[in-house]
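Encoded as structure tokens, the structure appears first; notes follow it.
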Amino acid sequence: METLTLDERERIIDSTLKIQSVQNSLRQVRRNKIPSIDEIAECLTSADKHLRAALGYILPSGTD
Amino acid sequence: MHAIRANPDGNAAWSVRSHSFLELQVQSTLTGRSDNRKQMGTPGALAKKEQAQSAQVYCETARRLLEEFGDAVSMMIYLHEQQFQAIMDADSDAARFDVLIHEANEARQNAKYAYLSHLHVHGCSIDRWKP
């Protein structure tokens, strides 16, 4: 994987934090009030995992 | 320093506000001043040494970008203060600050990225940023 520049790393960290914020916010909304909430949650989890992997925090497991 | 103020109708107007404490903090960071400076040299020699180090550490562009970053952070703090005041005043429309805070946060992040991008490209003061 290519080395991240300082600002790229910071952009990814900020994006990860925003995704976690969205996850936390949506967790407090009744599931049946948001169409396709499962797909949305899955997408956010996947994005979070891959961004963390890009930062070197975790290894992306189960990725193709 | 300019600061944004939210009007009750949700519009943003600009007003002048000083943030002397924050300016002092940013200035302290820019000059690389530290608390252990009493440990070495006479005040005059020390000041010259600090000045020389500061000149080496920060180029003019980095200094300007860091100041812009500091201004953006200052704006965030000011908006949070204003929202806090609105909440304390039982302002039913205190949520109008949320969009302003969001926009200020985007501006803060962009200022940070511009500063970091410059450090990366130019190589000056690279050791000043500890991720």
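Small disclaimer: the values here were computed from a predicted structure and weren't measured. Numbered from 1 within each chain, the chains take letters A, B, ... in sequence-line order.
- Criterion: ILVMFWY side-chain heavy atoms under 4.5 Å apart, direct or through other members. Under it, A/I40 and A/V22 are part of a common hydrophobic cluster.
- Interatomic distance, B/H120 NE2 to A/L6 CG, rounded to the nearest 0.5 Å: 7.0 Å.
- Note that CD of B/Q109 and CZ of A/R11 are 9.0 Å apart. Values are rounded to the nearest 0.5 Å.
- For B/R108 and A/E10, the salt-bridge test fails: no basic side-chain N is under 4.0 Å from an acidic carboxylate O.
- B/I87 and B/M76 are not part of a single hydrophobic cluster, where members link through side-chain heavy atoms under 4.5 Å apart.
- Electrostatic pairing of B/K112 and A/D14 counts as a salt bridge here, judged by a charged N lying under 4.0 Å from a carboxylate O.
- No path of Ile, Leu, Val, Met, Phe, Trp and Tyr side chains, each step under 4.5 Å between heavy atoms, connects B/L79 with B/F84, placing them in separate hydrophobic clusters.
- The cluster map of Ile, Leu, Val, Met, Phe, Trp and Tyr, joined by side-chain heavy atoms under 4.5 Å apart, puts A/L17 and B/Y113 in different clusters.
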